[in-house]
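What follows is a short report on a single structure.
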Protein chains: 2
Amino acid sequence: MGISERKEREREEMKEMITTAAMKMFLEDGYAKTSIRNIADSIEYSPGTIYLYYKDKDELLYEVQRQAYLKLLEAFKAAVTLQDPLEKLGQLGKAYVKFGLENPELYDLMFIIRAPTNVDEQLHVDNGLDAFGFLIEILEGCMKENLLVFKDIHLGALQVWSMVHGLVSLNIRCRLKIMIEDEKDTPMVLNRAVEEYLNSIRA
Amino acid sequence: MGISERKEREREEMKEMITTAAMKMFLEDGYAKTSIRNIADSIEYSPGTIYLYYKDKDELLYEVQRQAYLKLLEAFKAAVTLQDPLEKLGQLGKAYVKFGLENPELYDLMFIIRAPTNVDEQLHVDNGLDAFGFLIEILEGCMKENLLVFKDIHLGALQVWSMVHGLVSLNIRCRLKIMIEDEKDTPMVLNRAVEEYLNSIRA
DNA sequence: GCATTTACTGAACACTGTTCATTACATTTG
DNA sequence: CAAATGTAATGAACAGTGTTCAGTAAATGC
């Protein structure tokens, strides 16, 4: 039965076509301003068709988020090249901030905006697991050699992630203007903040 | 001319009536799900009337945010009672997390959601200035006595605020489930995270 | 070749933020 | 006091939204 396999393939291609268009438009105009009709127009299908492939607009967001988490993990892997656990952590922190600065709209989609209808939010747990696991592994590497002040690894991960997420998300929501006068200094200032923080948690 | 004064007073009362209803509904159902028609219904006026007092829905959000920043500053002032600068900073950090945990919807309105139409976001700078100034003052108190590792006060403020905002906002967006198994432990864990962090930045 | 399944359409529904001609009322003027 | 003016409020209308679903057209199975 080659036909059902081809149909399955075509279905996947169609789903990808939709998410690709959705991703593009979410990043250009933001999630809220992108309508199902706009997405349908851009791929030259009728609005109803999209609902044959995705339950609602939220599910489209979740799919885009899933891809974004993969992209984040790839950025992590590409950035962390050294062997020393502490250096690894430094590279990871800077890669996180870099990712948030270079892809503000994507970061927004991943961690800041909320899907309006669905309040469940269980999906994120699974979606972000790989990228988060990468952080945990590096932290474990540091803590095995007693290089950090943390006693509990989960509490350490919570702190590290909160710091970098705080830096990135406050910047994206323009809450840093009070502290950073010249906007073009932002990457430098955020990097220094990460560096200083990592210095302060060294054992 | 007592009439024009009465009219001005009535206008202010009307504006307050609208923002009070808006605040209530924003907190109950969220900004996105609250419609101008719903607000108008709840105060028994027609939708058009609201536009005689506020330019658009965003301006209603900004007004609610302004009030929320005042509320945050009051929470700060009530929480910070001790004299020692470091103790003050500890009280402030815990008050921030407490505020975010007890008023998640309000915190969302203040720091996380984005007004869809307006992208300006200049207002926040002025709106949050008082509450932020409070943090700066306490930090200055610490740094005058060389109690912290920070060399630059702005970089220190950036770090401290990013940490507490990171903790609160990741929690609100349900991104902490990976690290905190039992949800009822959240306040305890976040407080410990703040404590540990403040310990690590002590000189 | 015909019946059935599948993919797609686009009108329709109930909503949204916002505008504006019209109305009802309060105030000022003659 | 009555007429003219100014102001506050209305609610229908506009262009948009997410979502559904009866109807259609094409591909598949027999």
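Naming convention: chains lettered A, B, ... in sequence-line order (proteins, then strands); numbering from 1 in each chain. Quantities reported herein were computed from a predicted structural model and do not represent experimental measurements.
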Could you go through nucleotides 25-27 of chain C and list every protein N or O atom that sits under 3.5 Å from one of its N or O atoms, giving the distance for each pair?
| unit_1 | atom_1 | unit_2 | atom_2 | d |
| --- | --- | --- | --- | --- |
| dT27(C) | OP1 | R6(B) | NH1 | 2.9 |
| dT27(C) | OP1 | R6(B) | NH2 | 2.5 |

Which of residues 36-44 of chain A have a heavy atom under 4.0 Å from DNA chain D?
I36(A), R37(A), N38(A)
Using side chain to side chain donor-acceptor pair (under 3.5 Å) as the criterion, list what pairs up with [X], not counting sequence neighbours.
X	answer
D29(B)	none
T49(B)	S46(B)
E10(A)	R6(A)
K144(B)	none

Distance-only donor-acceptor pairs under 3.5 Å for side chains of residues 72-88 of chain B, two or more places apart:
| unit_1 | atom_1 | unit_2 | atom_2 | d |
| --- | --- | --- | --- | --- |
| T81(B) | OG1 | Q91(B) | NE2 | 3.1 |
| D84(B) | OD2 | L86(B) | N | 3.3 |
| D84(B) | OD2 | E87(B) | N | 3.0 |

Is there any side chain to side chain donor-acceptor pair (under 3.5 Å) pair reaching into residues 11-27 of chain B, and which pairs are they, with sequence neighbours excluded?
K24(B)-E28(B)
Over its full length, what angle do the end axes of the helix from dG1(C)-dC30(D) to dG30(C)-dC1(D) make, each axis taken from five pairs and the result rounded to 10 degrees?
20°
Could you list the residues that satisfy ring-ring contact (aromatic ring centres under 6.0 Å, His included) with F132(B), not counting sequence neighbours?
W161(B)
With F99(B), which residues qualify under ring-ring contact (aromatic ring centres under 6.0 Å, His included), at least two apart?
none
Closest to the P47(B) side chain: dT9(C), dT18(C), dA8(D)?
dT18(C)
What nucleotide, of dA9(D), dG17(C), dT9(C), holds the atom closest to the side chain of Y45(A)?
dT9(C)
Base, sugar-phosphate alone, or nothing: which one does Y53(A) contact when heavy atoms must sit under 4.0 Å apart?
sugar-phosphate
No-hydrogen, no-angle side-chain donor-acceptor test under 3.5 Å, Y31(A) and D58(A)
yes
If we ignore angles and hydrogens, is there a donor and acceptor under 3.5 Å between the side chains of D56(B) and Y62(B)?
no
Does R173(A) offer a backbone N or O that forms a donor-acceptor pair with the side chain of R175(A) under 3.5 Å?
yes
Starting from [atom2] on [N], measure out to [atom1] on [X] and report it in whole angstrom.
X	N	atom1	atom2	result
L52(A)	dG18(D)	CG	C1'	15 Å
D58(B)	dG17(C)	CG	P	11 Å
K55(A)	dC21(D)	NZ	C1'	18 Å

Ignoring backbone atoms, establish whether S35(B) has a side-chain N or O less than 4.0 Å from OP1 or OP2 of dT16(C).
yes
Is it true that Y69(A) and F111(A) have ring centroids separated by less than 6.0 Å?
yes
On the ring face of Y51(B), is K57(B) found with NZ or CZ under 6.0 Å from the centre and within 45° of the axis?
no
Can you tabulate the close N/O pairs, meaning under 3.5 Å, that link protein atoms to atoms of nucleotides 20-22 of chain C?
none

